[in-house]
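Working notes, structure below.
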Amino acid sequence: MIEAAEAEPEYDDTAIRFLEALWGEGYLSPGGPEEVNRVVEGLSLKGRTILDIGCGCGGITLHLVEHHGAAHATGFDVERPVIAAARQRAAARGLGGRASFVQAPPGLLPFADSSFDVVFSKDALLHVADKDALFAEIFRVLKPGGVFAASNWMISHDGEPSPEMKAYVAAEGLSFAMASPARYAKAMRGAGFADITVRDRNPWYREVARGELERLKGPLYPAVTAVVGAAYVDKNIKTWEAMQKVLDSGEHRPTHLRGWKPDAKG
């Protein structure tokens, strides 16, 4: 069983508006379409069926259809507000026939075995505590010969986080269940994935985050405050300051993952 919190939405309308102001329309994680392109670099998605786990408000799911030629992309998220926003965005772009969005509570993925050519995720898997169950489910819904490609926020080590990391996670106020890249790779191997690759993105994001913080404190502040209120922006400035410390120390490690489900015929 995959477990995560599903009480009050962690990404409500205010959070969506704030993160989109910072990261772009339809994006609730950093890097925009350019970072999505890096996650799937070298993969041919044309004509493929894709599952986007933790799809948020749908920007990435639609990007994979519009710019990578996916035949159909299914966005999945446990939270209702983001799925409602994603469905509206797909309809507005006339992509309802090639993109669908599924909301379900935390647990087993609500899809049949061998349903997708590709499973994608962008900075969402850190919300799931049981990494072994998570990757067993991802492996199950992938077709033989299919690929898993993701970006995720990780911690450099397993065990007790530093006081600085604890302070950052507390500032976020989200259900973070961070694990190390080595722990993720172990869970992937245990599920049956082959040709696993791990790519460290800390050097990239620690500088991007520094720029985000400068923008929040400076040119973005009036516009974002007008949308979500000064108190909300001020709280997030403190969160970014706490995050910058663990990015600079190297304890916070955004990382790309990739692995293949062996072809049954191979």
Next on the checklist: Keeping K131 on the side-chain end and A177 on the backbone end, is there a donor-acceptor pair under 3.5 Å?
Outcome noted: yes

Next on the checklist: Any side-chain to backbone donor/acceptor pair from Q103 onto F76? Under 3.5 Å, distance only.
Outcome noted: no

Checklist entry - Do any N or O atoms from the side chain of S249 and from the backbone of V246 form a donor-acceptor pair under 3.5 angstrom? => result yes

Next on the checklist: Side chains of V36 and F120, heavy atoms from C-beta outward: is any pair under 4.5 Å?
Outcome noted: yes

Checklist entry - Do side-chain atoms of E251 reach the backbone of S162 as a donor and acceptor pair under 3.5 angstrom? => result yes

Checklist entry - What heavy-atom pair brings E41 and R258 nearest, and what distance separates the two atoms? => result O-NH2, 2.9 Å

Checklist entry - Does K261 use its side chain to pair, donor to acceptor, with the backbone of F139 at less than 3.5 Å? => result yes

For residues 64-71, dump all side-chain donor-acceptor pairs below 3.5 Å to protein atoms at least two apart in sequence or in another chain.
unit_1: E66; atom_1: OE1; unit_2: R93; atom_2: NH1; d: 2.6
unit_1: H68; atom_1: NE2; unit_2: N37; atom_2: OD1; d: 2.8

Next on the checklist: Would you say Y221 and D234 are linked by a side-chain donor-acceptor pair, where the criterion is simply a distance under 3.5 Å?
Outcome noted: yes

Checklist entry - When rounded to the nearest 0.5 angstrom, what distance separates CG in L134 from CG in L108? => result 11.5 Å

Item to check | Check ion pair K217-E241 (N to O, under 4.0 angstrom) | outcome: yes

Checklist entry - What is the minimum heavy-atom distance between I155 and P161, and which atoms define it? => result CD1-CB, 4.0 Å

Next on the checklist: With side chain to side chain contact (heavy atoms under 4.5 Å, CB included) as the criterion, how do R183 and D132 come out once you've worked through the C-alpha distance, each side chain's angles and the decisive distance to 0.1 Å?
Outcome noted: CA-CA 9 Å; R183 176 70 186 92; D132 295 309; 2.7 Å; yes

Next on the checklist: Please check: side-chain N/O of R140 versus main-chain N/O of F111, any donor-acceptor pairing under 3.5 Å?
Outcome noted: yes

Item to check | Plane angle bin for W153 and Y168 - parallel if under 30°, tilted between 30 and 60°, otherwise perpendicular | outcome: tilted

Checklist entry - Can you tell me if T49 uses its side chain to pair, donor with acceptor, with the backbone of D117 under 3.5 Å? => result yes

Checklist entry - How far does CE of M243 sit from NE2 of H252, to the nearest 0.5 angstrom? => result 6.0 Å

Item to check | Full working for side chain to side chain contact (heavy atoms under 4.5 Å, CB included) between L247 and N202 | outcome: CA-CA 7 Å; L247 283 167; N202 171 279; 3.9 Å; yes

Checklist outcome for this item: One should read off an interatomic distance between R38 CZ and W204 CH2, to the nearest 0.5 angstrom, of 6.5 Å

Item to check | Nearest heavy atoms of P110 and V102, plus distance in Å | outcome: CG-CG1, 4.1 Å

Next on the checklist: Can you confirm whether M178 sits close enough to S156 that some side-chain heavy atom of one is under 4.5 Å from a side-chain heavy atom of the other?
Outcome noted: no

Next on the checklist: As an exercise, state the distance from CD of E25 to CG of L62, rounded to the nearest 0.5 Å.
Outcome noted: 10.0 Å

Checklist entry - Do H63 and Y27 come within less than 4.5 Å of each other through their side chains, counting heavy atoms only? => result yes

Item to check | For T239 against A171, the heavy-atom pair lying closest together | outcome: OG1-O, 3.3 Å

Item to check | Residues L22, V224; criterion side chain to side chain contact (heavy atoms under 4.5 Å, CB included); working and verdict | outcome: CA-CA 8 Å; L22 190 61; V224 180; over 6 Å; no

Show every donor-acceptor pair shorter than 3.5 Å between a side-chain atom in residues 186-198 and any protein atom, with sequence neighbours excluded, or say none if there are none.
none

Checklist entry - Is there a side-chain contact between T74 and C55, using heavy atoms and a 4.5 Å cut-off? => result no

Item to check | Pair E212 + R215, salt bridge at N-O below 4.0 Å | outcome: no

Next on the checklist: With heavy-atom distances below 4.5 Å as the criterion, would you say the side chains of L213 and I237 are in contact?
Outcome noted: yes

Item to check | Nearest heavy atoms of S29 and I60, plus distance in Å | outcome: OG-CD1, 4.5 Å

Below 3.5 Å, can you tabulate the donor-acceptor pairs from side chains in residues 83-90 to any protein atom, sequence neighbours excluded?
unit_1: R87; atom_1: NE; unit_2: F101; atom_2: O; d: 3.3
unit_1: R87; atom_1: NH2; unit_2: F101; atom_2: O; d: 2.8
unit_1: R89; atom_1: NH1; unit_2: C57; atom_2: O; d: 2.7
unit_1: R89; atom_1: NH2; unit_2: E20; atom_2: OE2; d: 3.0

Next on the checklist: Check E207 with R210, please: is the shortest side-chain N to carboxylate O separation under 4.0 Å?
Outcome noted: yes

Item to check | Rounded distance (nearest 0.5 Å) linking atom CE of M154 with atom CG of L257 | outcome: 3.5 Å

Checklist entry - Roughly how far, to the nearest 0.5 Å, is OG of S114 from NZ of K143? => result 8.5 Å

Checklist entry - Does any non-hydrogen side-chain atom of F116 lie less than 4.5 Å from one of L109? => result no

Checklist entry - Is K238 atom NZ crowded by more than 12 heavy atoms from other residues, nucleotides or ligands, each under 6.0 Å away? => result no

Item to check | Validation row: I53, V119 side chains within 4.5 angstrom (heavy atoms) | outcome: yes

Checklist entry - For E160 and H157, which heavy atoms make the closest approach, and how far apart are they? => result O-CE1, 3.0 Å

